[in-house]
2 protein chains.
Amino acid sequence: MNEQTIGIIGGLGIMGRAFTQLFQEDNLQVLCSDINTELTNQELVRQSDIIIISVPIDQTIPVIQEIGEALTEKQLLMDFTSIKTEPIEAMLQTKADVIGMHPMFSPPMDSLTNQTIVLTPIRDRRGWLSLVLDYFQKKGFKLQITSPERHDEIMGLIQVLIHFNLMTLGITLSRLEIDLSEALEYTSPTFQIELDLIGRIFTQSSELYGTIPMRNPFTRQILEQHTKTLDTLREIILKKDSESFKELFEKTSDYFQPFKTKALAESSYLFSQLVEFNGKQ
Amino acid sequence: MNEQTIGIIGGLGIMGRAFTQLFQEDNLQVLCSDINTELTNQELVRQSDIIIISVPIDQTIPVIQEIGEALTEKQLLMDFTSIKTEPIEAMLQTKADVIGMHPMFSPPMDSLTNQTIVLTPIRDRRGWLSLVLDYFQKKGFKLQITSPERHDEIMGLIQVLIHFNLMTLGITLSRLEIDLSEALEYTSPTFQIELDLIGRIFTQSSELYGTIPMRNPFTRQILEQHTKTLDTLREIILKKDSESFKELFEKTSDYFQPFKTKALAESSYLFSQLVEFNGKQ
């Protein structure tokens with residue numbers, strides 16, 4: 001992408017800054033527009049070959065509509081939105097080539113490399129995809145290519161189910177008025193890691209964590225199965241129905257079978273790293 | 001504890017073996033009895049100064065009753081049970097001194113040191129506690145002393161709420177028939193860690209994970225609050241009620257305020273360690 005100018009709309013946000021820095025380290029030409037920049041979105045579009053939209057989810061489609069007329073078929077339009085079906089549809093209304101993108105991480109992070117980026121290439125008359133793949137692969141990212149619909153279905157698990165679950169835990173702890181500092185004195189590694197993940201979510205923007213599940217087309221179906229499962233498990237435990245518990249546990253255990261060795265090795269490694277981190281504090 | 005003989009009932013189990021090894025590294029005298037050992041529990045009690053019961057939760061009270069008559073006031077009786085109120089009551093029926101114990105980890109682990117052990121000393125006419133504290137502190141363990149009731153209340157969070165939540169997630173994933181290997185290709189660090197913790201639970205015994213919540217006296221109260229919270233959050237998301245979501249999120253965010261810096265630093269560290277671990281595979 002050495003000869004291209006990359007314009008990031010929303011370039012002063014957390015993701016915008018992280019990718020600006022990444023591109024600048026490689027001496028790529030980067031332009032940024034944001035709410036308070038002198039450069040307008042329209043001007044950025046005129047001066048860029050690749051335009052990346054890095055704005056809050058609810059702003060993505062309005063921004064696409066705002067710049068839509070100015071885009072030409074010589075340009076590549078990308079976005080960082082955590083939902084892909086809707087933004088891709090909007091981007092296809094422009095004349096530009098379109099590759100949706102979803103970086104599966106949120107800064108601050110010690111390193112961006114080795115992290116996963118999902119790409120949903122949709123219209124690529126000029127062969128942008130190989131340029132993009134080549135650049136990010138060289139930077140050490142793990143790249144996944146899929147359709148916008150399949151992306152949203154898998155994110156239904158990763159971003160809806162998992163985050164919903166962690167948020168529920170966090171809200172429950174706050175409602176039970178637990179003294180976190182006391183509870184942490186008694187911590188198990190699992191509890192400590194869960195609190196870290198919950199605490200991390202609640203340092204971030206409510207906008208992000210609310211909009212993703214509200215916009216993902218698979219949310220209702222996933223949350224309904226989750227609630228049904230939770231009700232079943234709760235009843236089994238409250239009734240002290242050891243037989244049903246054992247049956248359900250062993251069935252799930254079978255499902256995790258292919259993943260068990262990795263889960264055990266990886267969690268044991270994380271536990272020991274946690275101990276090391278605590279030792280450093 | 002150098003001059004004492006330590007007898008571990010259930011010494012061939014996972015915890016029994018881990019502590020036998022620990023004690024033997026220090027050349028302490030250790031005896032083990034288990035279902036298939038020649039040494040019986042009664043014989044072990046006759047030959048030991050400190051008796052540690054390391055058996056499944058539902059076996060703890062029967063074992064205490066079995067050896068109760070044989071114990072004298074010169075001996076120290078300990079246990080490793082994850083619930084403390086009930087076993088402590090049973091141990092107090094014997095003549096021995098009583099210090100309940102709960103190691104907050106389950107092998108396999110790279111290292112036992114720096115891990116937390118909770119102690120609930122109840123009857124200590126002979127000053128055993130200082131011996132026990134001294135030994136485990138020198139080994140690098142983190143020791144917490146509390147009452148059996150407070151132990152069970154805090155474990156209601158750490159072992160009931162957190163494990164219940166992870167098991168619910170695991171069962172939901174299996175019911176949605178998710179292809180784990182495909183989902184992992186798209187993973188975020190949070191998803192990967194959650195899967196590791198879930199997978200770790202389901203490699204262990206259904207007996208342990210069923211009996212703890214069924215026996216903990218705070219289970220009903222905690223799970224009721226959890227279900228209420230989950231229903232509230234699900235309704236807010238399905239109704240796309242951004243205002244209520246924001247309010248709930250920010251209230252919880254305030255609750256996590258004192259813990260945020262640590263949560264962010266520790267989770268970022270774990271994420272980078274995960275990347276390193278993946279790189280080694």
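Numbered from 1 within each chain, the chains take letters A, B, ... in sequence-line order.
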Any donor-acceptor pair under 3.5 Å linking the side chain of B/Thr252 with the backbone of A/Gly170? no
Report the option among B/Ile237, B/Thr116, B/Leu270 that has the most heavy-atom pairs separated by less than 4.5 Å from atoms of chain A. B/Ile237
Contacts of B/Lys139 meeting side chain to side chain contact (heavy atoms under 4.5 Å, CB included) (sequence neighbours excluded), chain-then-number -> B/Leu22, B/Glu25, B/Asp26, B/Tyr135, B/Phe141
Honestly, the part of B/Ile117 sitting under 4.5 Å from a heavy atom of chain A is neither
B/Lys260 side chain to A/Thr203 backbone, donor-acceptor under 3.5 Å: no
Can you find a heavy atom in the side chain of A/Gln273 that is under 4.5 Å from one in the side chain of B/Glu266? no
Non-hydrogen atoms of B/Leu173 and A/Tyr255 that approach each other most closely: O-OH, 3.4 Å
So, B/Arg200 versus A/Thr190: side-chain donor-acceptor pair below 3.5 Å or not? no
Only pairs of heavy atoms separated by less than 4.5 Å count here; which of B/Pro258, B/Gly210, B/Ser205, B/Ala265 has the most with chain A? B/Gly210
Sequence neighbours excluded, the answer for side chain to side chain donor-acceptor pair (under 3.5 Å) partners of B/Ser244 is B/Asp241
Does any heavy atom of chain B fall under 4.5 Å from the side chain of A/Thr261, the backbone, both, or neither of them? neither
Applying a criterion of heavy atom separation less than 4.5 Å, what residues of residues 78-88 of chain B form contacts with chain A? none
Taking the inter-plane angle between the rings of B/Phe202 and A/Phe249 on a 0 to 90° scale, is it parallel (under 30°), tilted (30 to 60°) or perpendicular (over 60°)? tilted
Considering only heavy atoms, which portion of A/Glu185 lies under 4.5 Å from any heavy atom of chain B: side chain, backbone, both, or neither? both
With sequence neighbours excluded, tell me which residues meet salt bridge (charged side-chain N to carboxylate O under 4.0 Å, His left out) with A/Glu235. none
Under 4.5 Å from a heavy atom of chain B, the part of A/Gln115 involved: side chain
Kindly give the heavy-atom pair with the smallest separation between B/Met104 and A/Tyr186, and that separation in Å. CE-O, 3.0 Å
Ranked by heavy-atom pairs below 4.5 Å to chain B, first place among A/Ile201, A/Ile222, A/Ile154, A/Val118 goes to A/Ile154
Between B/Met167, B/His102, B/Arg215, B/Glu250, which residue shows the highest count of heavy-atom pairs closer than 4.5 Å to chain A? B/Met167
Top of A/Gly199, A/Pro189, A/Ser181, A/Ser188 for chain B proximity - count of heavy-atom pairs under 4.5 angstrom: A/Ser188
pair B/Thr227-A/Thr227: side-chain heavy atoms closer than 4.5 Å: no
Chain A contact via B/Phe259 - which portion, at a heavy-atom distance below 4.5 Å: side chain
Test applied, side chain to side chain contact (heavy atoms under 4.5 Å, CB included); reference residue, A/Leu157; option that passes from B/Leu176, B/Thr172, B/Leu169, B/Leu180: B/Leu176
Sort A/Lys142 into side chain, backbone, both or neither according to what part of it lies under 4.5 angstrom from a heavy atom of chain B. side chain
